[in-house]
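Working notes for the structure below.
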Amino acid sequence: MGKIRVVIADDNELMLEMISTVLKNDEDIEVIAEVTDGVHLLSLIKDKKPDVVLLDMVMPLMDGLGVLEQVRRNSDSISKMPAFIILTAAKQEKITESAFALGASYYILKPFDSEILLTRIKQTYTDMNNKQENNSNQIVYENKSTSKKHNLEA
């Protein structure tokens with residue numbers, strides 16, 4: 001297994017630098033890009049093909065929910081769909097619900113513990129790979145004419 005390829009999207013330069021430093025000190029993670037706005041992030045997702053995107057909700061040009069909406073809307077043009085971990089100071093239930101509905105894997109409030117962030121990145125990557133393996137190996141087919149009637153008594 002290679003390194004986990006991560007893109008960090010946060011408009012706060014200090015936060016971006018702090019997160020980047022934490023991730024670069026972990027031997028399992030490779031920070032492939034850092035971006036401060038949602039529009040630039042969309043092109044990075046298509047070009048760099050990250051495994052995980054750390055996504056701030058409040059960014060210029062396009063916010064985090066806008067990014068998730070665009071990724072979902074244009075999923076056929078994205079050759080590798082990343083997992084999204086939301087990192088934000090915005091503690092609003094509607095935003096959280098919307099982020100999960102649009103495909104976010106985790107939602108972490110700032111400030112956060114560095115070890116928890118690293119654990120969530122690795123867990124998300126592992127879950128994503130397990131899901132892809134299960135989907136590619138699992139073929140379910142049932143021919144209606146030859147299948148038996150299913151009931152609890154049987």
### Query
Do V7 and I45 touch side chain to side chain, with heavy atoms closer than 4.5 Å?
no
## Note on the structure
Rounded to the nearest 0.5 angstrom, the OH-CG distance for Y106 and D127 is 5.5 Å
### Task
Quick one: list whatever passes side-chain hydrogen bond (donor to acceptor under 3.5 Å, both in side chains) with S20, sequence neighbours left out.
K24, E34
### Query
Quick one: are F84 and V71 in side-chain contact, heavy atoms under 4.5 Å?
yes
#### Entry: Where R120 and Q123 come nearest, the two heavy atoms and their spacing
NH1-OE1, 3.0 Å
### Query
Hey, does N74 have a side-chain heavy atom less than 4.5 Å from the side chain of L42?
no
#### Entry: Atom pair CE (M128) and NZ (K80), whose distance is rounded to the nearest 0.5 Å
5.5 Å
### Query
Nearest 0.5 Å, what's the OG1-CG distance between T124 and N129?
11.0 Å
### Message
Determine whether K110 and D56 satisfy the following criterion, side chain to side chain contact (heavy atoms under 4.5 Å, CB included), listing intermediate values before the conclusion.
### Response
CA-CA 10 Å; K110 295 176 185 174; D56 186 20; 3.6 Å; yes
### Message
Determine whether a donor-acceptor pair (N or O, by modelled atom type, separation under 3.5 Å) exists between the side chain of T96 and the backbone of Q92.
### Response
yes
### Side-chain (D63) to main-chain (V58) donor-acceptor, under 3.5 angstrom
no
#### Entry: Point-to-point distance, once rounded to the nearest 0.5 Å, from CG of D51 to OG1 of T126
10.5 Å
### Query
When you look at NZ of K48, are more than 12 heavy atoms from neighbouring residues, nucleotides or ligands closer to it than 6.0 Å?
no
### Message
Contact between L65 and M57 at the side-chain level, heavy atoms closer than 4.5 Å - yes or no?
### Response
yes
### Closest approach of R5 to I32 (non-hydrogen atoms, all atoms of both residues)
NH2-CD1, 3.5 Å
### Task
Enter the distance from Y125:OH to S105:OG here, rounded to the nearest 0.5 Å.
14.0 Å
### Query
With hydrophobic residues grouped by side-chain heavy-atom distances under 4.5 Å, do M59 and V39 end up in a single group?
yes
### Message
Would you say that H40 contacts T36 through its side chain, given a criterion of any heavy-atom pair below 4.5 Å between the two side chains?
### Response
no
#### Entry: Nearest atoms (heavy-atom pairs only) where I8 meets V31
CD1-CG1, 4.0 Å
### Message
Taking CD in E97 as the centre, count heavy atoms belonging to other residues, nucleotides or ligands within less than 6.0 Å. Is the count above 12?
### Response
yes
### Nearest-0.5 Å distance, CG of residue L54 to CD1 of residue I108
8.0 Å
### Task
Check step by step if side chain to side chain contact (heavy atoms under 4.5 Å, CB included) holds for I4 and D26.
CA-CA 10 Å; I4 303 169; D26 189 288; over 6 Å; no
### Over all atoms of both residues, closest heavy-atom pair of L44 and P50
O-CD, 4.1 Å
### Chi angles and distances behind the side chain to side chain contact (heavy atoms under 4.5 Å, CB included) call for I86, L68
CA-CA 10 Å; I86 308 302; L68 291 171; 4.1 Å; yes
### Message
Just to verify, what does M18 make a side-chain contact (heavy atoms from CB on, under 4.5 Å) with, not counting sequence neighbours?
### Response
M15, V22, F112
### Task
Identify the two heavy atoms, one from P82 and one from V52, that lie closest to each other, and give their separation to 0.1 Å.
CB-N, 4.4 Å
### Message
Quick one, L23 and L118 - any side-chain contact, counting heavy atoms below 4.5 Å?
### Response
yes
